[in-house]
Amino acid sequence: MLCRLRSAAPGLLSAALVAVCSCSAPAQAASSASRAGTLASTDSLSSYTLAGDTHPVHDPSIIRRGSTYYVFATDSHWRSSPNDHLQIRCSPDKIAWTACGSIFPSGLPSWIAAKVPGIAGLWAPDVSFFHGAYHVYYAGSTFGSQRSVIGLVTNTTLDPADPDYKWVDRGEVLESRPGDDFNAIDPDILIDKHGSVWLSFGSFWSGIKQRQIDPATGLLLASNPTRYNLATRPNVKNDPIEGVSLVRHGRYYYLFVSIDYCCKRDPAAANYKEAVGRSTSPHGPFQDESNTSMMNGGGTVLLQGDAAWNAAGGGTAYLDPSNGDSLIVFHALKMTENGAAYLWLKNLTWSHGWPAVGP
């Protein structure tokens, strides 16, 4: 069984979850990383500067509205109501974070439970703004399963004090079933230089895919049924790649992905990493710094764990269109707290057309 566990978190690591993730291959994963471009320095994890409500956090996505930053993350039911889904955190300075609500405070929409029997929570929300509204795409699945959905909610504001604040359920965007050659999880939105909207997604099961979105509805664009293939790891057992984030900087599009395994019974055995490639087209082909195609396992590693903070990944790059900031949010496991997952936020710096994780 494939170990697709991007949204797993310490409080959810039940015996059943451990059984799903029993197919670990750390030696193979380590060798695959060495083929995926230049390994990153661990200096990016040398000090933790965030404060407040930063734990537990998996698979964060970030956006700024006015002077407030908002982070959306995978459900963490052991710290809140089991009926509260897709928590939101806020910060005025990118350092101090507080809880500021959730998208579904009263339980899962009924259509999700019907589509995914046994679902307990929602995963990997991605926030974006287009066509006059904030869009949050998210995944619904169960551990190790291909029976998955990507859903959408919209809001005209992110400020809970605004009288117009209301999350509107737009329903299903995409689904996958056992036997498909993709998994409908880990959504990400890109608006390309022409204003077209693209949904990238996927985990294991032949890797990262992409479909075009109708900006008026936020759903798949019926007039373009083309599914683009962006990245896969065909020579690595189980094709461990997921957590896509696609942004445009200068003349290139940069494809950030998480590779290897986020979650193990022993957190020291997790070997998640954040990797990147680039292309002049939003559909690829993407190549790493060594000119290896990401359709053939390429990817320059930007982040990897160290003895104190392991399995850095689940990241989302955010290029602020108003102030020019380049940021990446991700999670890493604090080893002195038995692998507790914490929110991280770092600057992205750019040199010779490639990103690096800065202070």
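All residue numbers in this chain count up from 1 along the given sequence.
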Enquirer: Kindly work out whether a path of hydrophobic side-chain contacts (I/L/V/M/F/W/Y, heavy atoms less than 4.5 Å apart) joins V247 to L348.
Expert: yes
Enquirer: For the atom pair CD1 (I62) and CZ (F330), what is the distance rounded to the nearest 0.5 Å?
Expert: 12.0 Å
Enquirer: Partners of F104 by ring pair (Phe, Tyr, Trp, His ring centres under 6.0 Å), sequence neighbours excluded?
Expert: Y138
Enquirer: Please list, chain by chain and in numerical order, all residues satisfying side chain to side chain donor-acceptor pair (under 3.5 Å) with S128, sequence neighbours excluded.
Expert: none
Enquirer: Quick one: list whatever passes ring pair (Phe, Tyr, Trp, His ring centres under 6.0 Å) with Y228, sequence neighbours left out.
Expert: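 Ring pair (Phe, Tyr, Trp, His ring centres under 6.0 Å) list for Y228, sorted by chain: W198, H283.
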Enquirer: For A268, check side-chain contact (heavy atoms from CB on, under 4.5 Å) against everything at least two apart and list the hits.
Expert: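 side-chain contact (heavy atoms from CB on, under 4.5 Å) check on A268 returns D266, M335.
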Enquirer: Check ring pair (Phe, Tyr, Trp, His ring centres under 6.0 Å) between F256 and all other residues, then give those that pass, not counting sequence neighbours.
Expert: none
Enquirer: Start with the C-alpha distance between R227 and D181, add both sets of side-chain angles, then the distance that settles salt bridge (charged side-chain N to carboxylate O under 4.0 Å, His left out), and finish with yes or no.
Expert: CA-CA 12 Å; R227 191 190 73 183; D181 66 340; 2.9 Å; yes
Enquirer: Taking I241 as the starting point, is it possible to reach M295 by hopping between hydrophobic residues whose side chains are less than 4.5 Å apart?
Expert: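 Looking at the clustering, I241 is in a separate group from M295.
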Enquirer: State which residues pass side-chain contact (heavy atoms from CB on, under 4.5 Å) with A216; sequence neighbours excluded, sorted by chain then number.
Expert: H131, D214
Enquirer: Measuring from S44:OG to I328:CD1, what's the distance to the nearest 0.5 Å?
Expert: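 Between S44 OG and I328 CD1, I get 9.5 Å after rounding to 0.5 Å.
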Enquirer: If the test is side chain to side chain donor-acceptor pair (under 3.5 Å), which one of Y342, W97, Y48, W344 qualifies with T54?
Expert: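 Running side chain to side chain donor-acceptor pair (under 3.5 Å) over Y342, W97, Y48, W344 with T54 returns exactly one hit, Y48.
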Enquirer: Is there a path of hydrophobic side-chain contacts, each under 4.5 Å between heavy atoms of I/L/V/M/F/W/Y residues, joining L302 to L319?
Expert: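 Same cluster.
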Enquirer: Suppose we screen for side chain to side chain donor-acceptor pair (under 3.5 Å). Which residues come up paired with T232, at least two apart in sequence or across chains?
Expert: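 Here the qualifying residues are D239.
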Enquirer: Would K94 and D325 satisfy salt bridge (charged side-chain N to carboxylate O under 4.0 Å, His left out), going step by step from the backbone distance to the final call?
Expert: CA-CA 12 Å; K94 300 178 287 185; D325 281 354; 3.4 Å; yes
Enquirer: Please check if any side-chain donor atom of S102 sits under 3.5 Å from a side-chain acceptor atom of Q87, or the reverse.
Expert: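 Per modelled atom types, S102 and Q87 side chains form no pair under 3.5 Å.
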Enquirer: Judged by atom type as modelled, is there a donor-acceptor pair below 3.5 Å linking the side chain of E274 to the main-chain atoms of G315?
Expert: yes
Enquirer: Please list all pairs passing the disulfide bond (SG atoms under 2.5 Å apart) test where one or both residues lie in residues 90-128, with sequence neighbours left out.
Expert: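 Sorted pair list: C90-C100.
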Enquirer: Quick one: list whatever passes salt bridge (charged side-chain N to carboxylate O under 4.0 Å, His left out) with R248, sequence neighbours left out.
Expert: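 In terms of salt bridge (charged side-chain N to carboxylate O under 4.0 Å, His left out), with neighbours along the sequence ignored, R248 is linked to no residue.
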Enquirer: Are I63 and V71 linked, directly or through intermediate hydrophobic residues, by side-chain heavy-atom contacts shorter than 4.5 Å (ILVMFWY only)?
Expert: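 Cluster IDs for V71 and I63 match.
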Enquirer: Have Y261 and N238 got a donor and an acceptor in their side chains that come within less than 3.5 Å?
Expert: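 Short answer, yes.
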Enquirer: Could you work out, with side-chain contact (heavy atoms from CB on, under 4.5 Å) as the rule, every residue matching R65, not counting sequence neighbours?
Expert: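 If we apply the side-chain contact (heavy atoms from CB on, under 4.5 Å) test to R65, skipping adjacent residues, the hits are Y70, Y134, T157, L158, D159, D162.
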Enquirer: Assess whether side chain to side chain contact (heavy atoms under 4.5 Å, CB included) is satisfied between Y253 and L190, documenting all intermediate values.
Expert: CA-CA 10 Å; Y253 294 90; L190 166 78; 3.8 Å; yes
Enquirer: Are side-chain heavy atoms of N271 and N310 found at a separation under 4.5 Å?
Expert: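 Heavy-atom side-chain distance check fails, nothing below 4.5 Å.
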Enquirer: Test side chain to side chain contact (heavy atoms under 4.5 Å, CB included) on R89 and V57; report intermediate values, then the result.
Expert: CA-CA 10 Å; R89 293 167 174 83; V57 173; 3.4 Å; yes
Enquirer: Is the distance from the ring center of F130 to that of H135 below 6.0 Å?
Expert: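 So the answer is yes for these two rings.
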Enquirer: For the residue pair N229 / K209, report whether a side-chain donor-acceptor contact shorter than 3.5 Å exists.
Expert: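 Yes - a donor-acceptor pair under 3.5 Å links their side chains.
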Enquirer: So Y254 and W354, would you call those rings parallel, tilted or perpendicular, with 30° and 60° as cut-offs?
Expert: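 Y254 vs W354 ring planes: perpendicular.
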Enquirer: Are W123 and S141 linked by a side-chain donor-acceptor pair shorter than 3.5 Å?
Expert: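 Result is no, nothing qualifies.
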Enquirer: Going only through I, L, V, M, F, W and Y residues with side-chain contacts under 4.5 Å, is there a path from V197 to V127?
Expert: no
Enquirer: Who pairs with T336 by side chain to side chain donor-acceptor pair (under 3.5 Å), at least two apart in sequence or on another chain?
Expert: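 Partners of T336 by the side chain to side chain donor-acceptor pair (under 3.5 Å) criterion come out as none, since no residue qualifies.
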Enquirer: Using the side-chain contact (heavy atoms from CB on, under 4.5 Å) criterion, which residues pair with S176? Sequence neighbours excluded.
Expert: Q146, S148, D180, F182, N183, A184
Enquirer: To the nearest 0.5 Å, what is the distance between CD on E175 and CD1 on I185?
Expert: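 Interatomic distance, E175 CD to I185 CD1, rounded to 0.5 Å: 14.5 Å.
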